[in-house]
Amino acid sequence: MEAQPVPKLEGTNWNPGLEEELRKLWETENNYRFEPNKDKKPNFVLDTPPPYPSGKPWHPGALTQYSQIDMVARSARMRGYNVLYPVGIDRNGLPVEIATERKYRIQLRKTPRDEFITLCKHALDDIEAYMLELLKKLGISGDFENKYRTDSEEYRKLTQWSFIELWEKKLIYIANRPNVYCTDCGTALADAEIEYEERPTYLVTNRFKVKASDEELLVATTRPELLEACQLVIVHPEDERYKDLVGRKVIVPLFGNEVPVAAHPSADMSFGTGAVMICSYGDYHDVQLFRELRLREIVAIDSDGKMTAAAGKYAGMTVKDARSQIIQELQEAKIATKVEQIQHRTPLCERSHTPIEIIPMQEYYLKQLEFLPKLRKLAKAMEFHPDMHRQILSNWIDSLTTDYPISRNRYYATEIPIWYCSKCNEPHVPKPGRYYRPWKDESPFKKCVKCGNQKFIGETKTFDTWMDSSISALFVTKWNRDQAFHQATYPASIRTQGKDIIRTWLYYSMLKCYLLTEKAPFEHAWIGGLGQDASGRAMRKSLGNFMDPEPLLQKYGADAFRFWGASEANLGYDFRLSEDRVAGAGKFLTKLWNTARFIGNFPEPKRPETLTQTDEWILAELASLIKECKEGYEDFNLFVPSTKIREFLWNVFAAHYIEMVKGRAYGDVGRGEDRDAARYTLHLIMKSMLLLLAPITPHITDHIWRRLYGSKTIHLESFPEAGQHKVAKAESQELMEFNIEVWKTKREKGLALKDSIKIEVPKKLKGYSADLTRMHHIS
RNA sequence: GGGCCAGUGGUCUAGCCUGGUCAUGACGUCGCUCUUACACAGCGAAAGUCGGCGGUUCGAAUCCGCCCUGGCCCA
């Protein structure tokens with residue numbers, strides 16, 4: 001007796017509304033809980049980027065990346081790993097401070113610190129809730145229950161702990177050095193926080209009198225306000241114009257100090273007059289020469305961006321005002337021979353877009369230069385996906401010339417745990433294991449170790465945010481919190497991140513974790529491309545070319561968005577976001593849905609003794625698909641499985657196999673055993689495709705799986721094994737070409753597909769002739 | 001100035017490492033078709049100097065050199 005076919009899937013397309021129900025189900029089932037070495041499976045630990053709540057809407061490219069990371073985690077589970085997939089939120093740093101200053105029209109330095117911090121917290125909480133909700137809507141399978149925040153007491157305690165260990169290892173030092181400084185943000189910047197922009201500025205050519213002669217030297221500069229800090233004028237050694245001036249002295253106009261003229265190869269003969277004044281500090285070139293030639297620095301600009309006493313009557317003016325004032329005076333005194341406007345590549349603060357200044361300041365530094373050779377080795381040993389992006393890290397390591405300045409003058413960040421003796425200024429660093437706020441807390445020290453004084457002053461500075469983020473791999477593996485857990489999970493298996501923060505997050509993570517644990521923090525680095533707008537431009541909030549991802553998710557569902565994210569661009573390449581293409585991904589889901597709906601009509605029989613040639617053929621195609629998908633997943637590449645599965649489903653399985661076996665599947669033709677062979681094979685292929693797709697489109701695959709193959713979730717299953725079926729590629733090709741030829745002939749002859757046709761089945765395809773005859777109505 | 005990446009039908013993309021089938025697929029366009037899963041479909045068609053120039057080779061989208069354009073990063 002044959003069971004009546006029962007349609008198990010309603011409607012002719014996938015309803016994204018079902019996603020919400022599934023997510024609720026997953027939450028109650030709690031399938032993804034991590035315990036080290038559970039069921040004797042190997043651990044797989046992700047070090048994921050905690051997103052920064054910087055505003056609404058969230059960058060759609062970032063959201064795409066989070067969905068891709070989820071696919072990495074889900075595929076690892078289905079490859080048989082026990083997966084630790086942490087969810088964190090990065091809440092330290094400048095952006096929230098700037099947003100808070102703008103929102104409440106207040107200034108950080110003029111607001112009580114406690115109050116300011118509270119305002120920042122509220123802003124972060126608000127956006128954080130929005131982001132977590134979006135992540136959940138995407139179907140992210142991370143550990144939301146144990147989500148962490150980088151501004152929590154527990155996290156900051158660990159950041160301070162890492163600092164204290166580095167301090168004790170004598171890897172931290174204080175130095176008074178020229179520092180890249182943003183006068184607007186009021187803080188020192190790391191190299192990574194600087195960006196460049198072409199901006200108009202004046203190039204002023206001034207007469208410098210040559211000492212004890214009537215000669216003059218013309219010197220062009222973009223920084224006339226720094227004349228008082230000029231200590232040297234350089235010319236190129238091969239510059240014939242100035243050969244006889246080298247070694248003599250010139251007099252700085254307006255200020256009258258005498259400075260030598262020297263030959264130096266870094267002078268550009270073609271820029272300005274070829275003679276360059278070297279001041280402390282106009283740009284990096286100045287810094288380099290001051291260091292190289294051991295010149296005496298004159299601090300001309302203070303940390304508020306105002307001219308210092310060294311600037312004489314210009315003291316107290318802003319750099320900008322001083323510049324225009326001084327240009328005017330130089331012109332009036334006929335010292336300036338030329339004032340022209342030029343486009344100048346100006347270094348800017350990445351956050352405030354203010355031109356940076358170089359000011360000598362006392363800052364804390366973490367040693368890195370002496371470890372660069374070791375870091376280069378670690379970078380070489382690390383497995384990059386794709387391999388090409390290792391280059392970005394190598395280039396960065398090769399370009400570093402100073403140690404890492406780790407202190408900042410901000411509020412919403414982890415405090416540097418130091419107290420200074422009020423008398424002798426000796427720094428005291430407390431014991432690790434607590435969260436310290438020296439600007440607020442009482443000193444844990446009773447007596448200065450140096451002078452015995454009993455009063456202390458707490459440090460007010462904070463850490464650069466990368467000091468926090470760089471230990472994410474240590475935090476999620478419970479370093480200094482749970483030794484057994486840490487042993488089992490560190491180093492992490494994989495760091496997943498965008499290519500834009502390789503030189504910051506990835507590099508600083510390697511540096512700090514290496515210094516603390518002597519190991520690289522992770523084995524693999526997965527580097528995603530960046531989301532661009534539809535015309536290929538970087539999507540930036542400042543450019544206003546943002547697309548709100550939420551309506552897209554609402555309209556097409558998370559699975560369509562995810563499938564688009566997986567299949568849009570190859571691993572590591574930038575991708576463009578457009579609604580059309582997400583919609584196109586949705587069509588694939590419809591195709592999958594209808595294929596499943598068709599197959600669900602048939603009962604799933606046991607494997608018959610023998611299968612037909614047609615069944616063997618599609619199983620061989622499936623075997624190679626499984627192999628390709630597995631290779632893709634092992635390389636953490638989602639592009640490979642998503643595009644291969646789409647091609648197989650659409651162009652091979654649905655177009656050819658299903659059409660060929662329809663007759664048998666319905667039981668219209670052939671023996672009962674052949675019918676079961678078709679049904680068995682249809683279900684086997686369906687199951688395999690669902691399993692292969694489950695990491696990419698977790699909702700639709702789970703829904704179909706539960707409906708057709710039992711009530712349990714697909715997400716606790718493993719990937720299918722590639723079978724032993726073998727059919728020559730040429731035969732496969734020939735089979736599909738024959739079908740196409742029949743279709744073409746029918747249309748040329750004006751025949752409907754159901755009309756019969758006289759056509760010879762090629763000899764090589766004899767094994768398929770029963771199915772082909774039924775399919776094409778060959779008479 | 002340097003580095004990395006990219007440049008393939010109207011749009012996007014595979015192939016390039018490991019040279020050799022009429023260059024893959026998707027979106028879009030046009031025509032036909034309701035064919036016991038799917039019209040969010042099926043079938044078919046039009047559409048390409050594989051950025052340019054030169055070289056290696058019997059043969060180059062693929063290897064080499066130079067150049068142009070765009071993106072990202074660095075100095």
Side-chain angles (χ1 to χ4, degrees), chain A residues 5 7-9 11-14 191-192 194-196 266 268 270 283-285 288 345 347 386-401 498-504 527 529-530 532-538 556 560 564 567-570 572-602 639-640 642-644 646-655 658-659 662-663 665-668 682 686 729-730 733 739-748 750-755 775-777:
Chain A
K8 292 173 177 165
L9 304 172
T12 57
N13 51 22
W14 162 243
D191 286 355
I194 299 162
E195 61 180 34
Y196 292 82
S266 65
D268 178 358
S270 63
D283 57 22
Y284 280 115
H285 184 212
Q288 198 188 322
R345 215 174 128 78
D387 193 56
M388 66 178 181
H389 285 335
R390 184 199 317 276
Q391 199 62 39
I392 301 176
L393 178 62
S394 306
N395 290 350
W396 178 244
I397 293 176
D398 290 343
S399 71
L400 288 166
T401 55
K499 72 174 187 192
D500 52 335
I501 49 174
I502 290 176
R503 68 206 169 103
T504 49
I527 309 296
L530 306 178
Q532 303 176 326
D533 70 10
S535 58
R537 286 199 314 169
Y556 301 101
W564 163 79
S567 60
E568 176 68 14
N570 210 333
Y573 288 85
D574 294 345
F575 50 89
R576 295 178 183 196
L577 198 102
S578 81
E579 180 168 346
D580 286 351
R581 304 185 73 77
V582 176
K587 284 190 184 181
F588 169 75
L589 300 184
T590 304
K591 190 71 186 174
L592 177 68
W593 177 260
N594 282 300
T595 311
R597 206 162 64 92
F598 171 69
I599 293 170
N601 282 329
F602 306 111
F639 180 80
V640 169
S642 58
T643 52
K644 297 284 179 196
R646 181 173 60 195
E647 208 171 313
F648 172 82
L649 169 64
W650 219 309
N651 301 330
V652 180
F653 181 58
I658 289 186
E659 294 304 326
K662 252 183 196 170
Y666 281 117
D668 293 352
L682 284 167
M686 193 66 228
K729 255 220 151 114
Q733 196 76 19
N739 287 333
I740 289 168
E741 199 196 311
V742 177
W743 287 323
K744 207 168 162 179
T745 310
K746 279 195 173 177
R747 83 169 286 94
E748 277 165 4
L751 295 171
L753 288 176
K754 61 184 174 189
D755 292 341
M775 171 189 186
H776 295 299
H777 306 279

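Quick note on labels: first sequence line is chain A, next is B, and so on, each numbered from 1. Keep in mind that the numbers below use all heavy atoms, side chains included, and drop hydrogens, waters and symmetry copies. Keep in mind that this is a model prediction, so the values were computed, not measured.
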message: Does the protein touch nucleotides 23-35 of chain B at the base, only the backbone, or not at all? Give it as B, S and - per nucleotide, heavy atoms under 4.0 Å.
response: --SS-S--BS--B

- prompt: When every nucleotide of nucleotides 2-10 of chain B is labelled 5' to 3' by its protein contacts under 4.0 Å (heavy atoms), B for base, S for sugar-phosphate only, - for none, what sequence of letters results?
  reply: -SSSS----

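Remark: C1' of B:G42 and NZ of A:K744 are 17 Å apart, rounded to the nearest angstrom. To the nearest angstrom, P of B:A41 lies 16 Å from CH2 of A:W593. Rounding to whole angstrom units, CD1 of residue A:I658 and P of B:C38 are separated by 12 Å. Atom CD1 of A:I501 and atom P of B:C72 are 17 Å apart (whole Å).
Using the six-membered ring where Trp is involved, A:W564 and A:F575 have ring planes that are perpendicular, over 60° apart on the 30 and 60° scheme.
Going from the P atom of B:C67 to that of B:A46 covers 40 Å, rounded to whole Å.
No donor-acceptor distance shorter than 3.5 angstrom exists from the side chain of A:N13 to the backbone of A:W593, with no hydrogens or angles considered. A distance-only check finds no donor-acceptor pair linking the side chain of A:K499 to the backbone of A:D574 [under 3.5 Å].
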- line: Pairs under 3.5 Å (Watson-Crick or G-U), crossing ones as [ ], inter-strand ones as |: RNA chain B comes out as (((((((..(((.......[....))).(((((.......))))).....(((((..]....)))))))))))).

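Using a 4.0 Å heavy-atom cutoff across all strands shown, A:I740 reaches sugar-phosphate atoms only and no base atom.
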